[in-house]
Amino acid sequence: MCGIAGWTVADGRPGRAPGLAETLAGTMACRGPDDQGVWADAHTTLVQTRLAIIDLTGGRQPMTGEHGDGTESGGARERHTVALAYSGEVYNFRELRTELAGRGHRFRTRSDTEVVLHSYLEWGERCAERLHGMFAFAVWDARSRTLLLARDRFGIKPLCYARTAGGLVFGSEPKTVLAHPDVRGTVDLDGLRVLFSMARAPGENVYRDLADLPPAHTLTYGPDGLSLRRYWSLEARPHEDDLDTTVGRVRELLEDSVARELVSDVPLSVMLSGGLDSSAVAALAARVLAGSGSPVRTTTVTYGGYSDNFQPDLVRSAPDAPYARAVAEHIGADHREIELTTADLIAPEARRAVLRAQDVPAPFGDMDTSTFQAFAAARRRSTVALTGESADEIFGGYNWVHIPSLADEEQFPWVAFEQWHPGTRQGLGQGLLSPAFKARLDMHGYYAERYAQAMAEIPRLPGESDESRRAREVCHLHLTHWLPRLLDRNDRLSMISGLEVRVPFCDHRLVQYAYNIPWEMKTFDGREKSLLRAAARDLLPERVLERPKAPFPVSQDATYTKALHQEFAEVLADREAPVRALLDLEASHRVVREGEAAGQDWLHRMNVEMVLQINTWLRGLGDGLDL
């Protein structure tokens with residue numbers, strides 16, 4: 001796992017001053033603590049920081065190769081350089097290596113990086129279609145003077161870019177691209193809509209001059225300009241397997257995905273919540289690793305006194321730790337619990353690290369801080385961690401999917417859920433914004449436009465029942481407009497500690513198969529994720545199999561809410577605080593006056609946490625806010 005960056009310039013334009021490559025690399029140091037490299041010619045510079053996972057000595061980057069253009073020059077074939085900067089893991093690299101070797105390619109290393117390079121030499125831009133895994137990479141081809149950018153099918157690995165007067169700049173994160181002097185970090189009203197959105201369109205970025213490369217896309221930039229191409233999309237197909245065959249096929253695909261994602265030359269672990277998804281991954285990993293004589297490492301996060309004093313809320317019926325312990329004991333894991341305190345969650349350095357990692361504010365507050373701390377703790381004994389992310393999207397795990405009035409509404413179901421629940425009715429993280437500013441944002445109009453765009457892209461299957469059609473639509477909406485945010489969050493909050501997170505449920509073969517399974521089969525016993533539960537039936541304790549879906553835990557310590565309100569009061573008292581211009585000051589002061597009672601509910605608390613993050617972010621943005 002790595003960070004990548006670079007830029008290309010038009011013919012005749014001067015390159016950047018010495019030191020710029022090192023500056024860009026410095027913004028990605030956490031993504032690649034083991035090594036960094038730079039490659040450059042007259043047109044293009046590629047930068048890479050490396051977290052060594054496979055072939056620790058042979059996988060250095062940027063990596064170069066050559067191909068001939070078919071002409072002869074002075075009796076010798078003219079050669080052209082191809083240079084690669086690559087981030088991610090290609091899980092079918094061994095099969096591709098065998099195929100490429102059969103086509104005459106010769107390899108110097110054991111790395112998947114070299115397989116990606118030779119895949120480009122063999123298949124050009126279409127090489128992305130051959131790769132299974134999570135990746136973002138850049139290839140400079142001197143023959144065509146073309147830069148190719150590519151991103152994996154679900155956007156597990158981030159990649160963004162900016163057009164400049166002289167060419168194009170790209171990087172793993174916005175902070176990297178913004179470190180280039182030709183790119184401005186400007187945020188306008190459209191960018192703030194993206195900031196507050198819970199359903200961003202693929203490619204949207206908060207910063208005006210930046211765009212994300214959409215998942216499952218390649219970008220080419222060269223003499224003919226810039227072009228985007230989608231190389232993969234979900235297909236609507238009839239599902240012809242019966243229930244038993246379907247359960248078996250889901251299990252087979254998940255087993256294969258977990259086994260492939262356990263390939264590593266460094267220690268790895270599983271982030272274990274005690275829920276069905278991560279527990280299934282941990283149990284399958286334990287079976288694979290049993291052959292090596294090593295137990296699987298597992299990590300769970302909890303809070304001091306959380307289990308003893310737990311109070312159920314809208315979406316959490318029980319604490320995670322007891323379930324995680326039961327799974328760890330059942331599979332013989334080397335298990336660690338990370339117990340966080342309010343001091344850990346409120347620590348200024350931790351909260352600054354979270355904002356720095358994500359580049360922009362997010363409304364998830366202590367969920368983000370605790371996730372960051374959990375990943376940092378896992379990194380102390382592992383370099384790679386597997387998670388259960390994306391099972392809810394493909395198997396129907398979210399509670400809003402099972403509330404007909406929300407699932408059937410002509411809206412993103414999770415956005416409808418926000419507007420349905422009193423704690424988020426004004427929008428997640430937007431509850432303290434002024435009416436005038438919310439009117440300017442017009443999130444209702446934004447969501448309506450994004451929803452129409454999203455619906456137009458969904459593949460249809462003739463003859464489906466209304467229920468099956470809507471279930472397919474909701475699944476597609478989750479995969480394209482909800483999951484990418486979660487994947488980006490996990491990548492950012494893990495890579496700041498140099499931890500590579502892998503997501504076995506995002507194997508595109510599993511997702512494609514599950515996408516076409518009828519809703520009545522996914523919920524055949526009347527519960528959420530019935531199909532996955534059946535596929536994992538022999539792996540887990542009964543109490544874990546029967547546990548309802550529960551999202552990541554949040555602190556229930558009243559002292560945390562009190563600390564937030566104290567900080568909020570200080571912001572409101574500061575006449576120079578940049579966030580004041582966006583706030584409903586009367587409502588904000590009321591929150592401070594009423595104290596803990598006004599904000600003990602975690603959904604309400606998100607409003608305060610979002611305001612605090614925005615204030616810090618705007619100070620750093622300076623005159624970059626263009627309203």
Side-chain angles (χ1 to χ4, degrees), residues 271-275 278 299-325 336-355 357-358 361-378 387 421-424 428-429 431-432 486 489-490 492-494 496-497 547-571 591-592 594-616:
M271 304 302 296
L272 178 62
S273 70
S278 63
T299 303
T300 298
V301 65
T302 187
Y303 307 105
Y306 187 75
S307 294
D308 294 336
N309 303 301
F310 177 81
Q311 294 293 321
D313 61 24
L314 178 69
V315 292
R316 299 171 184 85
S317 59
D320 285 348
Y323 292 94
R325 287 186 215 118
R336 300 283 175 86
E337 283 186 14
I338 310 303
E339 186 173 283
L340 302 175
T341 66
T342 292
D344 295 322
L345 298 176
I346 206 68
E349 62 273 16
R351 295 169 70 208
R352 283 195 298 268
V354 168
L355 181 56
Q358 300 192 98
F364 302 114
D366 60 310
M367 284 193 289
D368 281 352
T369 308
S370 55
T371 299
F372 155 69
Q373 306 246 20
F375 284 148
T387 76
H421 187 267
T424 55
L428 199 62
L432 295 174
L486 302 184
R489 171 181 179 266
N490 276 358
R492 302 295 197 87
L493 296 178
S494 61
I496 195 172
S497 298
R547 185 188 181 192
K549 157 72 180 173
F552 198 84
V554 294
S555 174
Q556 295 185 345
D557 186 351
T559 61
Y560 179 69
T561 303
K562 182 178 180 180
L564 284 179
H565 284 173
Q566 288 175 340
E567 185 177 348
F568 189 31
E570 293 171 4
V571 168
V591 166
V592 172
E594 295 176 1
E596 296 173 21
Q600 188 58 33
D601 182 276
W602 66 277
L603 290 168
H604 176 94
R605 195 172 67 199
M606 285 181 173
N607 293 323
V608 174
E609 291 175 307
M610 186 67 164
V611 168
L612 296 176
Q613 282 201 40
I614 290 174
N615 194 59
T616 302

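Numbers here are sequence positions counted from 1. In what follows, every heavy atom counts, from backbone to side chain, and hydrogens, waters and symmetry copies are set aside.
Residues Asp320 and Arg547 are paired through a salt bridge, judged by an N-O separation under 4.0 Å between the basic side chain and the carboxylate. Using a 4.0 Å cut-off between charged side-chain N and carboxylate O, Glu337 and Arg325 make a salt bridge.
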Working note: Glu339 + Thr302, criterion side-chain contact (heavy atoms from CB on, under 4.5 Å); need CA distance, chi angles, decisive distance, verdict.
CA-CA 5 Å; Glu339 186 173 283; Thr302 187; 4.3 Å; yes
Go through Gln373 and Val301 one step at a time and tell me if the side-chain contact (heavy atoms from CB on, under 4.5 Å) criterion holds.
CA-CA 9 Å; Gln373 306 246 20; Val301 65; over 6 Å; no
For Met367 and Met606, run side-chain contact (heavy atoms from CB on, under 4.5 Å): C-alpha distance rounded to whole Å, both residues' side-chain angles, the deciding distance at 0.1 Å, then the answer.
CA-CA 10 Å; Met367 284 193 289; Met606 285 181 173; 3.2 Å; yes
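Residue pairs that meet the salt bridge (Lys or Arg N to Asp or Glu O under 4.0 Å) test with at least one member in residues 364-374, sequence neighbours left out, are Asp366-Arg605, Asp368-Arg489.
There is no side-chain donor-acceptor pair under 3.5 Å between Ser555 and Asp557. Side-chain N/O atoms of Tyr303 and Ser370 include a donor and acceptor closer than 3.5 Å.
A distance of 13.0 Å separates CZ in Arg351 from CG in Asp344, rounded to the nearest 0.5 Å. Atom CG in Leu340 sits 13.0 Å away from atom CD1 in Ile346 (nearest 0.5 Å).
Counting only heavy atoms from C-beta outward, the side chains of Leu612 and Val608 approach each other to under 4.5 Å. Side-chain contact between Phe364 and Thr371 is absent, with no heavy-atom pair separated by less than 4.5 Å.
Here the closest heavy-atom approach between residue Met271 and residue Thr387 is recorded as CG-CG2, 4.1 Å. For Val354 against Phe372, the heavy-atom pair with the smallest separation is CG2-CB, 3.8 Å. Pairing each heavy atom of Pro361 with each of Gln613, the nearest pair is CA-OE1, 3.2 Å. Thr299 approaches Ala374 most closely through the heavy-atom pair CG2-O, 4.5 Å.
The backbone N or O of Ser273 lies less than 3.5 Å from a partner atom in the side chain of Ser278, making a donor-acceptor pair.
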